[in-house]
Amino acid sequence: ATPSGPYDALIIGGGPGGYVAAIKAAQLGLKTACVEKRGALGGTCLNVGCIPSKAMLNNSHLYHQTKHDLQRRGIDVSGVSLNLSQMLKAKDQSVTSLTKGIEMLFKQNKVDYIKGAASFVSPNRVAVKLLDGGETEVEATNIIIATGSEVAPFPGGAIEIDEKRIVSSTGALDLQEVPGKMVVIGGGIIGLEMGSVWSRLGAEVTVVEFLGGIGGAGIDEEVAKQFQKLLAKQGLKFKLNTKVLSAETQDGKVSVKTQSAKGDNEETVSANGSGCDHQMPYCSFKLEADVVLVSVGRRPYTEGLNLEAAGVQLDNKGRVVIDDQFATSAKHIRCIGDVTFGPMLAHKAEEEGIAAIEHIKHGHGHVNYNAIPSVVYTHPEVAWVGKTEQDLKAAGVKYNIGKFPFAANSRAKTNLDSEGFVKFLSEKETDRILGVHIIGPNAGEMISEAVLAIEYGASSEDIARTTHAHPTLSEAFKEAAMATYSKPIHF
Ligand code: FAD
Ligand code: NAI
């Protein structure tokens, strides 16, 4: 639409933070526009993040299961083969239908969708370089910055991403053939999800992680250990406490140079793992990969926004500084999602989008940062909310643990899918739930019950005395709660 401001609310960025804020603003009667420069709504999440990665995770799991797991279930299939281009097409179709769906929602809610790149001219005016050519200026009383994040480049420029041999998550979602050998730099969420996809499709995957455990920030250490064991059983290899120094492409192969995280032992990781050839004082492995995935984090994205013209300040990590009402140093400009503080998660950005608009309209809004779930969509899934055991120990909080294995859950057994456990952490004195950690089938759906419980200030006993249908996986959740203050029945 041709913008016809001035607007009550102008949202810059059409990702999960921005598009949700725009719809909410329009629903609350604000005249609203959303500027998006990528040519499609949905941001990182829908275009190159959550959605395409889940399409690949789901379909690679089905392929792997069909190939390796159906026979023991009494299903004989033959001639199973991978049609990668069709799998990629199916992924692209999901993305397109969802991004188009948001365009429909914009129309229904009367949000003006301005296709172009926004840049501040003054605190209330934004210039938009239109994708169709030309430029326009838009004026607004309230502005929300929701410009998201981008792949963090490898420190010091030691690795250059070409999205073919050395890829970010974006390239890893679109590889046109299954790599023989893949090295994943960073054992965080992206590394484990994308590593799983390509491992299931046939690649030999080695994950190199700087820290002593996988899963990234916020994962419970006990869960991380179990997670690593299960992924190793599926064929992924891990090199922990190992820092990647550089990666270089030569003759179509990439060689990756690493060093022990303590900094005393340099090696070159190559896919044939031929061992140490003792180049003193370093021990050097010759190991090559066909594809290297760089997944060492993401960073806030504010390029081209010209924030100086609006008086909006950044911190030393490039995040837009906000107060508890999402207001930046220019009070009528708010900021949400990946480009500001907090976990870089789509649902966190969405909650903030709604709350920021409610602040504008009503003067109050609400996001409970203690109750934001994290989910890793591997198989089994890993999900958590609230405090980890290591958090509680560090804070000196006294707690009880309740654990229940899926191996003792009837539905998981019936489904022949019984790896993992549910772990409750409750305050010793009050039994209030402080954290829940799940590794197992459907963990990502099950964690919502824990989020709700924490949101409502529930105790473990509240959960344990709530009827859960039989036979369901969620009975493992109930029994873990029971184990926190008493004994579970089935274990
Ligand atoms: P973004 O989604 O990054 O959207 C920002 C938008 O702003 C972009 O579309 C950009 O083009 C636009 N923009 C930027 N500057 C301008 C400008 N000047 N003018 C106009 N437009 C501009 N999170 C989950 O919760 N679950 C998952 O399963 C999950 N999987 C992921 C998988 C991958 C591979 C990746 C990379 C991320 C994943 N994430 C996941 C994280 C999730 O994608 C982000 O947390 C989420 O997209 C953040 O939303 P946002 O609205 O803050 O920013
Ligand atoms: P991450 O921060 O989760 O993990 C990066 C990992 O790389 C860390 O474990 C870190 O120790 C390691 N690392 C850093 N430098 C290294 C080096 N030189 N050598 C070896 N290891 C090194 O970042 P990631 O995986 O890139 O994901 C970015 C963000 O995207 C996540 O934090 C998450 O917020 C979001 N995301 C969420 C998903 C979900 O919710 N399911 C899926 C994918 C991404």
Side-chain angles (χ1 to χ4, degrees), residues 11-21 34-54 56-57 114-120 126 128-129 145-152 154-156 158-159 168-170 172-173 184-194 207-219 239-246 256 258-259 261 293-306 335-340 342-350 352-353 372-378 381-383 444:
I11 322 289
I12 305 177
Y19 88 72
V20 168
C34 179
V35 193
E36 170 55 61
K37 68 173 183 173
R38 78 167 65 228
L41 292 169
T44 304
C45 179
L46 268 75
N47 291 282
V48 290
C50 328
I51 296 302
S53 61
K54 266 79 258 181
M56 291 304 284
L57 278 155
I114 308 172
K115 295 180 187 168
S119 179
F120 282 97
V126 166
V128 182
K129 211 175 195 158
I145 299 170
T147 48
S149 61
E150 62 178 348
V151 175
F154 200 80
I159 300 182
S168 71
S169 52
T170 303
L173 285 165
V184 173
I185 307 176
I189 304 193
I190 291 184
L192 299 177
E193 288 190 350
M194 295 317 300
V207 178
V208 186
E209 168 56 51
F210 178 75
L211 300 174
I214 61 167
I219 194 168
K239 286 182 79 70
L240 302 186
N241 299 306
T242 306
K243 186 179 174 185
V244 170
L245 301 173
S246 64
V256 181
T258 71
Q259 188 178 53
L293 165 62
V294 181
S295 46
V296 294
R298 295 179 62 81
R299 66 175 183 190
Y301 181 78
T302 52
E303 209 180 290
L305 265 184
N306 195 25
C335 179
I336 57 170
D338 281 13
V339 69
T340 186
M344 290 186 171
L345 295 171
H347 41 280
K348 175 263 191 187
E350 293 184 31
E352 290 184 338
I372 295 180
S374 291
V375 181
V376 192
Y377 296 85
T378 44
E381 290 181 345
V382 178

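Both ligands and their constituent atoms are indexed starting at 1 by order of listing.
Minimum interatomic distance between Leu46 and Pro52 (heavy atoms only, all atoms of both residues): O-CD, 3.3 Å. Here the closest non-hydrogen pair linking Ala118 and Val126 is CB-CG1, 3.5 Å. Val339 approaches Tyr301 most closely through the heavy-atom pair CG2-O, 3.5 Å. Of all heavy-atom pairs between Ala158 and Leu245, the closest is CB-O, 3.2 Å. What you find for Ala172 and Met194 is that their closest heavy atoms are O-CE, 3.4 Å.
Not counting sequence neighbours, the partners of Glu150 by the salt bridge (charged side-chain N to carboxylate O under 4.0 Å, His left out) test are Arg299. By the side-chain hydrogen bond (donor to acceptor under 3.5 Å, both in side chains) test, Ser168 is found to be paired with Glu163, residues two or more places apart in sequence or in another chain being considered.
The shortest contact between atom 6 (C) of ligand 2 and any protein heavy atom is with Glu209 OE1, 3.6 Å. Looking from atom 15 (N) of ligand 2 to the surrounding protein, the closest heavy atom is Val296 CG1, 3.5 Å. Regarding atom 5 (C) of ligand 2, its nearest protein heavy-atom neighbour is Ser295 O, 3.5 Å. Scanning the protein heavy atoms around atom 38 (C) of ligand 2, the nearest turns out to be Ile189 CG2, 3.4 Å. From the protein, the heavy atom lying nearest to atom 26 (O) of ligand 2 is Gly297 N, 2.9 Å. For atom 25 (O) of ligand 2, the closest non-hydrogen atom of the protein is Ile190 N, 3.0 Å.
Applying the 4.0 Å criterion to heavy atoms of Tyr377 picks out, from ligand 2, the atoms 41 (N). Near Met344, the atoms of ligand 2 lying under 4.0 angstrom from a non-hydrogen atom of the residue are 33 (C), 34 (O), 35 (C). When each atom of ligand 2 is checked for a heavy atom of Phe154 under 4.0 Å away, the hits are 18 (N). Residue contact check: Leu211 has heavy atoms under 4.0 Å from atoms 11 (O) of ligand 2.
Of the N or O atoms in Glu193, one or more lie within a sub-3.5 Å distance of an N or O in ligand 2. An N or O contact shorter than 3.5 Å links Phe210 to ligand 2 by distance. Of the N or O atoms in Ile185, none lie within a sub-3.5 Å distance of an N or O in ligand 2. The N/O atoms of Arg298, backbone and side chain alike, include none that comes under 3.5 Å of an N/O atom in ligand 2.
Within the 3.5 Å criterion, the main-chain N or O of Ser149 finds a donor-acceptor partner in the side chain of Arg298. The main-chain N or O of Leu41 is found under 3.5 Å from a side-chain atom of Asn47 such that the two form a donor-acceptor pair. For the pair His347 (side chain) and Pro373 (backbone), a donor-acceptor distance under 3.5 Å is present. The closest donor-acceptor contact from the side chain of Lys348 to the backbone of Gly337 lies under 3.5 Å. Formation of a donor-acceptor pair under 3.5 Å by the Asn306 side chain with backbone atoms of Phe120 is found in this model.
Across Ser374, Pro16, Cys50, a single residue satisfies side-chain contact (heavy atoms from CB on, under 4.5 Å) together with Leu345, and that is Ser374. When Val376, Leu192, Val382, Ile219 are each tested for a side-chain contact (heavy atoms from CB on, under 4.5 Å) with Ile214, only one passes: Leu192. Between Val208 and the choices Leu240, Val244, Val184, Val256, the side-chain contact (heavy atoms from CB on, under 4.5 Å) rule is met once, by Val244.
Side-chain contact between Thr340 and Glu352 is present, with at least one heavy-atom pair separated by less than 4.5 Å.
At a heavy-atom cutoff of 4.0 Å, ligand 1 is surrounded by Ile12, Gly13, Gly14, Gly15, Pro16, Gly17, Gly18, Val35, Glu36, Lys37, Arg38, Gly43, Thr44, Cys45, Val48, Gly49, Cys50, Ser53, Lys54, Gly116, Ala117, Ala118, Ala146, Thr147, Gly148, Ser149, Ser169, Ile190, Arg298, Tyr301, Leu305, Gly337, Asp338, Met344, Leu345, Ala346, His347, Ala349, Tyr377.
Taking a distance limit of 4.0 Å, we find that atom 43 (C) of ligand 2 is approached by some protein heavy atom. At a distance under 4.0 Å, a protein heavy atom can be found next to atom 9 (O) of ligand 2.
Counting heavy atoms closer than 4.0 Å to ligand 2, residue Val208 contributes backbone atoms (N, CA, C, O) but none from C-beta onward. When heavy-atom distances to ligand 2 are checked against a 4.0 Å cut-off, Val375 comes that close only through its backbone atoms N, CA, C and O. If you look at Leu245 next to ligand 2, there are no close heavy atoms at all, none under 4.0 Å.
Counting only residues at least two apart or in different chains, side chain to side chain donor-acceptor pair (under 3.5 Å) contacts with residues 184-194 comprise Lys54-Glu193.
The residue among Val376, Val244, Leu293, Val184 with a heavy atom at the shortest distance from atom 19 (N) of ligand 2 is Val244. When Cys45, Gly188, Cys50, Ser169 are checked for heavy-atom proximity to atom 1 (P) of ligand 2, Gly188 turns out nearest.
Using a non-hydrogen distance threshold of 4.0 Å, Thr242 registers as a contact of ligand 2.
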